[in-house]
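Values below: every heavy atom of this structure, side chains too, minus hydrogens, waters and symmetry copies.
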Amino acid sequence: MTQSGAPGLTVLGTTAGSGKSLYVRSFASLRRRAGHEVSVYKPVALALNPVRDDAQVDRSIHLMGIAATGEAIAAERILGYTATVNGDDVTLRRAGERSASAQSRRLSEDAVDFMRLDDDQWSEIKGQVATDVAARTGFLLSEGAGAATDVTARDLSNTVLASMADRPVVLVAAGRKGGWAASVVGTYHLLPAVVRSKVRGFVVNGVEQSDAAASAVHQVEASTGWQCLGVVPIIPMYAQLPARGSEEPILGSWSEEITAVADFVASHLDEDFLKEFTSRGDDV
């Protein structure tokens, strides 16, 4: 098992839109309901689906808080920076603040191009995120943005986050989109060695035919040395939803829905991996 300096997991995607947020919520819900403390964190989140009472905060951040604590909590307890979007233009703000910290552009579906910041802005934002992560000494679930190996000289939300957090890394591959096996193998070869060594394994998310994925799973495991931690089918109640999900819970409440999804995910995860973060109080 990967050995890292602190308890928790860093969840990264092999592509943008892989389902990272769903797994952070599920892992947080499962651990909380097992009776253990859990903190969640994301350095930057684009407000692609803002909550109704705050256009700066994406719904995924709101749901992360519910998963980790059982109730809605302030975005600044979860998030480093909000990123409001106007086309491809992005305005960055420190979570909980109204004044803009910087202007940038989108790098991918859900990632910010930090190369457009001047050196002082980049240093400030990176330093704030480092401080946020260092303050979270307990069990931390942190989430990346975009793809783990987005080609950029300034990567805050993936390889830098994984190094700052120093927790085992779980990669999420989008099974429904096709090409997931190549995305995992490609990520293996492109990740810096220091981050590659932290990878606990990968999850294939949203596959249409689990049995058909078995052969590819074995090939990927042989090529990378990484364990497949689960092949998770398309969640039935989400099968016909748009990529960014529904504005309202499908079940009676967001809490009920997060619980149901987490239990569905858990039923398809490797049992030993599941026990690692739900049966221990301090480490993974």
Side-chain angles (χ1 to χ4, degrees), residues 1-4 8-28 30-31 42 108-111 140-150 155 157-163 165-235 261-262 264-278 284:
M1 183 177 71
T2 303
Q3 299 296 316
S4 294
L9 297 168
T10 300
V11 180
L12 306 180
T14 62
T15 60
S18 62
K20 299 179 293 293
S21 295
L22 184 147
Y23 285 86
V24 170
R25 293 196 298 267
S26 295
F27 294 161
L30 291 165
R31 181 171 171 83
K42 185 162 183 165
S108 64
E109 180 182 354
D110 59 354
L140 173 63
L141 286 168
S142 55
E143 180 188 349
T149 53
D150 277 337
D155 166 39
S157 293
N158 292 294
T159 57
V160 169
L161 172 64
S163 296
D166 194 23
R167 269 87 169 175
V169 171
V170 173
L171 293 170
V172 180
R176 192 174 188 178
K177 294 183 177 182
W180 71 262
S183 76
V184 178
V185 175
T187 298
Y188 171 86
H189 288 287
L190 292 172
L191 278 178
V194 67
V195 178
R196 189 188 308 133
S197 68
K198 299 179 187 297
V199 174
R200 173 66 178 83
F202 63 92
V203 175
V204 189
N205 174 48
V207 298
E208 295 190 2
Q209 296 181 338
S210 299
D211 292 343
S215 177
V217 164
H218 294 319
Q219 288 181 299
V220 172
E221 288 182 322
S223 296
T224 63
W226 292 338
Q227 179 187 0
C228 179
L229 303 173
V231 177
V232 181
I234 296 170
I235 297 169
V261 170
F264 179 87
V265 167
S267 70
H268 297 280
L269 293 178
D270 176 79
E271 291 185 3
D272 290 337
F273 170 64
L274 184 62
K275 290 177 182 177
E276 286 172 9
F277 69 88
T278 58
V284 164

Rounded to the nearest 0.5 Å, the CD atom of Gln227 sits from the OG1 atom of Thr224 at a distance of 10.5 Å
Looking only at heavy atoms, which two atoms of Val261 and Ser26 are closest? And how far apart? CG1-OG, 4.0 Å
Quick one: CZ on Arg25 to CG on Leu141, what's the gap to the nearest 0.5 Å? 12.5 Å
Val169 versus Trp226: any side-chain heavy-atom pair under 4.5 Å? no
Please report the interatomic distance CZ(Phe277) to CZ(Arg167), rounded to the nearest 0.5 Å. 15.0 Å
Side chain to side chain, Val265 and Val203, heavy atoms closer than 4.5 Å: no
Atom of Ser18, atom of Ala174 and distance for their closest heavy-atom approach: CA-CB, 3.8 Å
Side chain to side chain, Tyr23 and Val232, heavy atoms closer than 4.5 Å: yes
Under 3.5 Å: donor-acceptor pair, side chain of Ser223, backbone of Val220: no
Which atom names give the shortest non-hydrogen contact between Thr10 and Ala162, and what distance separates them? CG2-CA, 4.2 Å
Side-chain heavy-atom pair Ser163, Val194 within 4.5 angstrom cut-off: yes
Test side chain to side chain contact (heavy atoms under 4.5 Å, CB included) applied to Thr187 and Val195, Thr149, Leu12, the passing residue: Thr149
Rounded to the nearest 0.5 angstrom, the NE2-SG distance for His218 and Cys228 is 9.0 Å
Measuring from Lys198:NZ to Asp166:CG, what's the distance to the nearest 0.5 Å? 3.5 Å
Gap separating the CG atom of Leu171 from the NZ atom of Lys20, nearest 0.5 angstrom: 10.5 Å
Write down the atom of Thr14, the atom of Ala173, and the distance for their closest heavy-atom approach. OG1-CA, 3.5 Å
Shortest non-hydrogen contact from Leu191 to Arg196? O-NH2, 2.9 Å
Output yes when a side-chain donor or acceptor of Asp155 lies under 3.5 Å from a complementary backbone atom of Asp150, and no otherwise. no
Can you check ring pair (Phe, Tyr, Trp, His ring centres under 6.0 Å) on Tyr188 and Phe202, steps first, answer last? CA-CA 11 Å; Tyr188 171 86; Phe202 63 92; over 10 Å; no
Heavy-atom closest pair (Ala148 atom, Thr159 atom, distance to 0.1 Å) is O-CG2, 3.7 Å
